[in-house]
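Along the sequence shown, residues carry numbers from 1. As a basis for the values below, the full set of heavy atoms in this structure was taken, side chains included, without hydrogen atoms, waters or symmetry mates.
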Amino acid sequence: MDTAASHLSADTCYAAIKARDGRFDGSFFTAVRTTGIFCRPICPAPAPKRENVSFHKSAAAAFEAGYRPCLRCRPELAPHAHALLSGARLTAQVTEEIKRRLDQAPAVAELANYAGVSERHLRRLFEEHLGTTPQAVINTERLLFAKHLISATALPFTQIATAAGYGSIRRFNDAFKAAYGSPPTALRRSMGPRTGTGAGNLEATQFHLHLVVKPPFDWAHLLRWHGPRVIPGVESVDATRYCRTLRAGAAGAWLEVAPVKDGLDFTLHAPLSQGLAGYLARLRQMFDLSANIVQIHAQLAEDPLLERVLKNQPIARMPGAWDPFELTVRAVLGQQVSVKGASTLMRRVVERHGSPSGVAHLPLCFPSPEVLAKADLDGLGITGARVRTLQALGRAVASQADFFDGLKSVDEAEARLTSLPGIGPWTANYVAMRGLGLPDAWPTKDVGLLRAARAHGFEGDFKALDAAAEGWRPWRAYAAFALWMSET
């Protein structure tokens, strides 16, 4: 192997591509020396000879080795399995940040600052866990994202170049020719007619994209959590889709997500501008699309208590939230009240202080931090202490645009959030779980968790449950959701 997918043996990789085993999709990429192309393990092309292939940890590593992406299996659609390699969580978080900010073309120095490490250390982490450099990952993610937009939409190339972070159409064309050996126009012609956003219409109001998810993906299980917790007037959930409005600078901006056989269909109802990559990153976090959920559940099931909890549950992902600010508002309002009670309070806040959305079936946008900082919340049934907490939260987020960005650990999230009046460790960890997607968050002294644990034979108190949870690291948040969901 030229660049080894070191978490898997070469024999395992080759057996996986011969079997087209979908369980390995995203875990490595196969480069074929005789064609100069790299593929996913599930590529429908005949398996190459063993002596002609090398295996790479990431698409970026294969690119750096001089290979081009396959047009049949489309590596840009591969699930992102790197987030689950042992010791690679920081690398995974930085990679997700790259995807979120593709249109901004982030510099390596910015990413190192986001991660709280030196540039040298960040490069070392990327070499260890992805087999390449941060800059190579930036270049690759931009190119693969652009390739996906070319293949899956009819967007004009100028918009694709902007959405993928290329400073000009010329740079976009040059990068594409270098990677694929032909201009983007040739690729689009070869792909046939596209559906969705209308080509040539810079004010197109509907954009479609398909997001592939590594199975299992239990949409119904996620809806059991999201359904009762939607923000009335801002979000809606039914058996077939999730919808929400957006503060996108234009009236009538909203999105919808619906399940399909191998993932999710994403539709954006808004003029497309910069920010598409950020929307997709939020969706990945909200529906936990990057998780290797089978591996997580297998590790948790090694514990006798969780084995009993998980026995009769589907293999479930962690239900996140679209926006950590919105989620924090809900967490504050939900302190010591029921799920239904918290939704009622959220509805009252949004009805009084939300802005009109211009969307008939979802008439409101969630109030901004600036609005909430000065909001009159009297008469809504919210205690004075919580009003002061919400206003302090609004002021903090309004004055610090990156208030939630860069919180890479539960300790960091807890320290920042509990610095605000009225926010304690439980609320901070709940936000870390759902708002920030931190898999090791644990809401200590949660009555529901203890009740669920006792229903499955646990005999201890809060302190004993916290001690037991130490053995569930680094997936304590998944254990918490499994316990909560076992009661529904």
Side-chain angles (χ1 to χ4, degrees), residues 1-85 88 95 126-133 136-137 139-148 150-152 175-184 186-192 210-215 261-263 290 292 294-295:
M1 292 183 291
D2 296 335
T3 304
S6 59
H7 57 297
L8 298 169
S9 71
D11 289 341
T12 297
C13 292
Y14 192 68
I17 66 172
K18 288 190 69 177
R20 297 190 179 95
D21 192 329
R23 292 173 298 176
F24 292 88
D25 193 17
S27 297
F28 69 90
F29 294 85
T30 304
V32 185
R33 298 186 184 93
T34 51
T35 63
I37 290 172
F38 72 90
C39 302
R40 297 158 67 183
I42 61 169
C43 186
K49 294 180 179 179
R50 175 66 184 85
E51 61 268 22
N52 292 333
V53 300
S54 59
F55 303 109
H56 301 256
K57 295 179 183 179
S58 65
F63 260 121
E64 283 293 284
Y67 294 93
R68 303 189 310 277
C70 176
L71 295 178
R72 295 186 66 181
C73 65
R74 301 180 61 188
E76 70 272 13
L77 299 183
H80 298 282
H82 64 267
L84 295 126
L85 302 179
T95 304
F126 270 65
E127 288 287 355
E128 178 183 353
H129 296 296
L130 295 181
T132 190
T133 65
V137 171
N139 295 341
T140 301
E141 290 294 341
R142 288 165 62 195
L143 187 65
L144 292 180
F145 184 54
K147 162 66 170 54
H148 191 186
I150 291 169
S151 302
F176 213 85
K177 287 178 183 178
Y180 289 95
S182 60
L187 175 63
R188 177 161 279 174
R189 283 195 300 269
S190 72
M191 301 299 293
H210 178 60
L211 304 175
V212 174
V213 185
K214 186 174 183 177
K261 182 178 180 180
D262 59 346
S290 296
N292 186 334
V294 174
Q295 177 182 324

For the student: nearest non-hydrogen atoms of [X] and [Y], plus distance:
| X | Y | value |
| --- | --- | --- |
| Ala60 | Ala136 | CB-O, 3.9 Å |
| Cys70 | Pro75 | O-CD, 3.3 Å |
| Leu144 | Pro69 | CD2-CG, 4.2 Å |
| Pro183 | Phe176 | C-CD2, 4.0 Å |

Say you draw a straight line from [atom1] of [X] to [atom2] of [Y]; how long is it, rounded to the nearest 0.5 Å?
| X | Y | atom1 | atom2 | value |
| --- | --- | --- | --- | --- |
| Cys39 | Arg68 | SG | CZ | 10.5 Å |
| Tyr180 | Ile37 | OH | CD1 | 10.5 Å |
| Lys214 | Phe24 | NZ | CZ | 8.0 Å |
| Lys261 | His210 | NZ | NE2 | 11.0 Å |
| Arg189 | Ile150 | CZ | CD1 | 12.0 Å |
| Asn139 | Glu64 | CG | CD | 7.5 Å |

Does any N or O in the side chain of [X] come within less than 3.5 Å of the main-chain N or O of [Y], such that one atom is a donor and the other an acceptor?
| X | Y | result |
| --- | --- | --- |
| Arg40 | Cys73 | yes |
| Arg33 | Glu51 | yes |
| Lys18 | Pro48 | no |
| Arg20 | Pro44 | yes |
| Ser190 | Leu187 | yes |

For His56 and Ser58, does a side-chain donor sit closer than 3.5 Å to a side-chain acceptor?
-> no

Report the C-alpha separation of Leu143 and Phe63 in whole Å, then their side-chain angles, then the decisive distance to 0.1 Å, and conclude whether the side-chain contact (heavy atoms from CB on, under 4.5 Å) test is met.
-> CA-CA 10 Å; Leu143 187 65; Phe63 260 121; 3.3 Å; yes

What do the steps show when you test Leu130 against Glu127 for side-chain contact (heavy atoms from CB on, under 4.5 Å), and what is the final call?
-> CA-CA 6 Å; Leu130 295 181; Glu127 288 287 355; over 6 Å; no

Residue pair [X] / [Y], side-chain heavy-atom distance below 4.5 Å:
| X | Y | result |
| --- | --- | --- |
| Thr12 | Phe28 | no |
| Asp25 | Ile42 | yes |
| Tyr14 | Thr30 | no |
| Val137 | Phe126 | yes |

Kindly determine whether Arg74 and Val212 satisfy side-chain contact (heavy atoms from CB on, under 4.5 Å), including the steps that lead there.
-> CA-CA 11 Å; Arg74 301 180 61 188; Val212 174; over 6 Å; no

Kindly determine whether Phe29 and Tyr67 satisfy ring pair (Phe, Tyr, Trp, His ring centres under 6.0 Å), including the steps that lead there.
-> CA-CA 11 Å; Phe29 294 85; Tyr67 294 93; over 10 Å; no

